[in-house]
Amino acid sequence: MAGFCRNAQGVACLGSAALGELLDRAAVPTPAYVYDVDAVIAEAESLRAGIGLAHLVAYAVKANSAGTLVRAGCGADVVSGGELALALAAGVAPGRILMSGVAKTDAELDQAIAAGICAIQLESVEEVQRVAARARAAGRRARVSLRVNPGVAIDSHAHVATGHDEAKFGILRAELGEAWQKVDAAADALDAVGVSAHVGSMLQTPGPYLESARVLCDVARARRARASLEIIDFGGGFGIDYGDRPTAPPAAFGSAAAELLRAESLGDLRLVLEPGRALVAPHGVLVASVVQGKLSGSRRWAMIDAGMNDLLRPALYGARHRIEPLERPPGGALYRVVGPVCESADDFGEHALGDPLPARVVIRDAGAYGFSMASEYNGRPLPSEVFVSDGSVTKLSARPGVETWVKRRLDA
Ligand SMILES: Cc1ncc(COP(=O)(O)O)c(C=O)c1O
């Protein structure tokens, strides 16, 4: 797999110098996200081929909503009207889109019903009647699936564990009977096509994923004894190795899921997987300029022009990303790398940047939950985005100047 971020062996392969030249040639202002589009497409294709084309890889758009990536050949898992509109506009067929989310507004439900998407994932008993009412009002039928809370706790940061019994997501197993009853009572408006689960993010091995999937298979079998079912959606959550935790590749999760379905004698159902992070995170980097160093007591700081508003994960989850000089290999003096935002949480941890400090650094594995979580906090415009294919820049969205932000806030 070609790419400047990592090759199949995990080694950065379009040398840092080449990445620097590419950014200089395109005159890209930092901070800048740079994505290897070919690697994302290859990752998605290999997962799709691995599980079989009759099944569906529904890319979790929240991970990175760039149209280039949404168009990479997968279906889409969306969680808002905005993401739904984007997926449709990017050319994803409605029959390959699922909508999750615990608080879908009436307008968002109307949008999904009008588009005729593959399934609206119902996350509560209360939502059953809301969707039925919106479908009746539109004079249409809505395809729905029940998102089951599998009651599986995973070894991840609390903010990314979603399948335990205290989570706001999904319907508890104990309440499934009531949910199905309500779905069946609304058969004039609802087509109950599936069941789904999403146990959380950053899984290192397929173990907890399969634990949740087994619960879902039991739910599917019980439902099938009484009614028909088309799809079974095991969710996303495949982790990646951010440099410190060896992690199974997406294909390992995919083949384990397909195998489980066969072993559970449910192989005729359409399997849906909803990976986000694993398809894009390793294939994107955030390049930042070093603004200045600071020696304070015994601590050496490197102040960079990317902050928590550009890459929130370290402040939000305590996540650690590898940070290396752009134009030379990492090594030498350790620096505490921090951004410009006026928050102590704006801290990317200690990294071997060496002396003298490099002019630019590259923050690795930033392709997912990077730009999509970026904000304009502290009056800082959103970062640049650069899309690279076959070694050339194919698309560039340069960081806007401050004028847009000033105007919007002035008018507020
Ligand atoms: C319902 C659902 N599906 C899929 C995903 C994607 O998860 P990941 O990016 O960890 O694969 C998420 C992430 O929050 C989610 O909530």
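Counting starts at 1 for both ligands and their atoms, following the listed order.
- Ligand 1 places these atoms under 4.0 Å from at least one heavy atom of Pro275: 11 (O).
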| said: Determine whether Thr394 and Ser389 satisfy the following criterion, side chain to side chain donor-acceptor pair (under 3.5 Å), listing intermediate values before the conclusion. | reply: CA-CA 6 Å; Thr394 52; Ser389 175; 5.6 Å; no
| request: Start with the C-alpha gap between Asp233 and Gln121, add the side-chain angles, then the distance that decides, and say whether side chain to side chain donor-acceptor pair (under 3.5 Å) holds. | output: CA-CA 10 Å; Asp233 177 353; Gln121 318 251 43; 2.9 Å; yes
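- The CD atom of Glu324 sits 9.5 Å away from atom CG of Leu353, with the distance rounded to the nearest 0.5 Å.
- Within a 6.0 Å radius of CZ in Arg409, no more than 12 heavy atoms belonging to other residues, nucleotides or ligands are found.
- Those atoms of ligand 1 with a heavy atom of Arg147 less than 4.0 angstrom away are 1 (C).
- Ligand 1 has no nitrogen or oxygen under 3.5 angstrom from a nitrogen or oxygen of Ala278.
- Contact annotation for Ala63 and ligand 1: no heavy atom of the residue comes within less than 4.0 Å of the ligand.
- Against a heavy-atom cut-off of under 4.0 Å, Glu274 is close to the following atoms of ligand 1: 1 (C), 2 (C), 3 (N), 4 (C), 5 (C), 6 (C), 11 (O).
- Contact atoms of ligand 1 toward Ala60: 4 (C), 5 (C), 6 (C) (distance under 4.0 Å to a heavy atom of the residue).
- A 4.5 Å side-chain heavy-atom check between Pro275 and Val57 finds at least one atom pair inside the cut-off.
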Donor-acceptor contacts, no H, no angles, side chain residues 66-89, under 3.5 Å, sequence neighbours left out:
| from | atom 1 | to | atom 2 | distance (Å) |
| --- | --- | --- | --- | --- |
| Thr68 | OG1 | Lys395 | NZ | 3.2 |
| Asp77 | OD1 | Ser100 | OG | 2.9 |
| Ser80 | OG | Gly82 | N | 3.3 |
| Ser80 | OG | Glu83 | N | 3.0 |
| Glu83 | OE1 | Val79 | N | 3.0 |
| Glu83 | OE2 | Lys62 | N | 3.4 |

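- Here Phe169 has no heavy atoms under 4.0 Å from ligand 1, in either its backbone or its side chain.
- Looking at Arg277 against ligand 1, both its backbone and its side chain come within 4.0 Å, counting heavy atoms.
- Closest heavy-atom contact between Leu271 and His55: N-ND1, 2.9 Å.
- Near Gly237, with a cut-off below 4.0 Å to any heavy atom, the atoms of ligand 1 are 7 (O), 8 (P), 10 (O), 11 (O).
- Short contacts between ligand 1 and Tyr369, defined as distances under 4.0 Å to a heavy atom of the residue, involve ligand atoms 6 (C), 7 (O), 8 (P), 9 (O), 13 (C).
- Residue-level proximity to ligand 1 for Lys62 is carried by the side chain, the only part with a heavy atom below 4.0 angstrom.
- Relative orientation of the Phe238 and Phe253 rings is parallel, given thresholds of 30° and 60° on the angle between their planes.
- The shortest N or O to N or O distance between Gly276 and ligand 1 is under 3.5 Å.
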